[in-house]
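Whatever order the structure lists ligands and atoms in, that order sets their numbers, starting from 1.
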Amino acid sequence: MSILPTDIIYLDNNGTTAVDPLVVEEMLPYLTDFYGNPSSAYSFGRQIKEAIEVAREKIADLLGASPTEIIFTSCGTESNNAAIASALAIDPDRQHIVTSAVEHSAIIKHGEALARRGVEITWLPVDAQGQIDLADLENAVREDTALVSLMWANNETGVLFPIEKAAEISRAKGALFHSDAVQAIGKIPIDLAHSKINFLSLSGHKLHCPKGIGVLYANRKSRFNSYLYGGAQENGKRAGTENVPYIVGLGKAAEIAAKAIEEETGNVKDLRDHFENTLLASLDGLEVNGDRIERLPNTSNISISGVESEALLIMLDHEGICCSGGSACTTGSLHPSHVLMAMGYSTDRARSSVRFSFSRYNTRAEVERALPKIVAAVKKLRA
Ligand code: PLP
């Protein structure tokens, strides 16, 4: 099934995802008729509050958590920032953070800002497969470590960190543990019921919900200090009038994701593998970036020797194919991906890397249409 309004072939599902029409349908009444404030005492407000609680339960179900552990936020970035800020606020004697060199900018930039204010940050390295070494983690956690924050799945390569084990090591050494699971939720099964994870972030728009809604899971036994001051919403853990339509939408998206995980690890993985294997067989000088086994089922990050990814992206854009490159444009110049550079790749390899990421809305027919166009574009650029 394709829900795309035009002829584009959308292979950038780690960037964002198409909104599921069932999610829109669930949200609409809360954008129109049911506009009451959930904090109001009258029943027009109370029924809105009930809708929030139903959504909270659906998200808790997806995560194997309790509804009281779900805090609605505005996005994955806010959830990540809130977890780190809380850990540092709780104990002034613990002002050390352990994280990795390949996190999303929502962790990296925060870490860099904190470092400028005197917080010590240990950036764990990764190997050429994009993997951390748990022995490095064990050595990095100290008596004054407030928090270890590691992403569950890398947004560029899809590489999965051994999060359950990392949480156990961190907790055994007395530190709190947070995982940025923005790319993992809905793509692989996650069960927090018996885990050692204290905090976890997710984002609606990676889950076929609109942009601008996220969740911070905070284990009920873990202390959490909000950095927002204001009303008592979200049990005093996140001030600000709730974004009701989006919360309701995220609840629906979570309910659908819980059922769709099998499809994600089956059909979507098959599609990704077919795409990747065909591309590798069609062109020389291609290499898959990152661990091909410990990887999200939907992500394929490939370096294409002799090709600048920016040039390829422009050509593919003309063909209606959406994917993303291994470099980011900051203030007019192209910076090679920090993830691929941390994996020890050359600047050339990083600059020649392209990420294709799939979802349940992609079809085999789309992939068959995209493949010859990609092959032709690469050949043209190489010529
Ligand atoms: N963390 C990861 C791994 C991501 O991929 C993203 C978005 O790309 C974020 C955090 C930020 O999420 P949001 O866009 O909801 O702020």
Notebook entry, point to check: Can Glu319 and Arg369 be counted as an ion pair, charged N to O under 4.0 angstrom?
Noted result: no
| field | Val126 reachable from Leu340 in the ILVMFWY side-chain graph, under 4.5 Å edges | value | yes
Discussion item. Hydrophobic cluster membership, with links at side-chain heavy-atom distances under 4.5 Å among I/L/V/M/F/W/Y: are Ile132 and Ile121 in one?
Written reply: no
At a 4.0 angstrom heavy-atom cut-off, ligand 1 is contacted by Cys75, Gly76, Thr77, Asn80, His104, Met151, Asn155, Asp180, Val182, Gln183, Ser203, His205, Lys206
Parallel, tilted or perpendicular: which one describes the rings of Tyr35 and Phe44, with boundaries at 30° and 60°?
perpendicular
Requested in this report: Flag the pair Glu78 / Tyr227 as yes when at least one side-chain heavy-atom distance between them is below 4.5 Å, and no otherwise.
Outcome: yes
Exercise for review: Check whether any side-chain heavy atom of Met341 lies under 4.5 Å from a side-chain heavy atom of Thr347, and answer yes or no.
Suggested key: yes
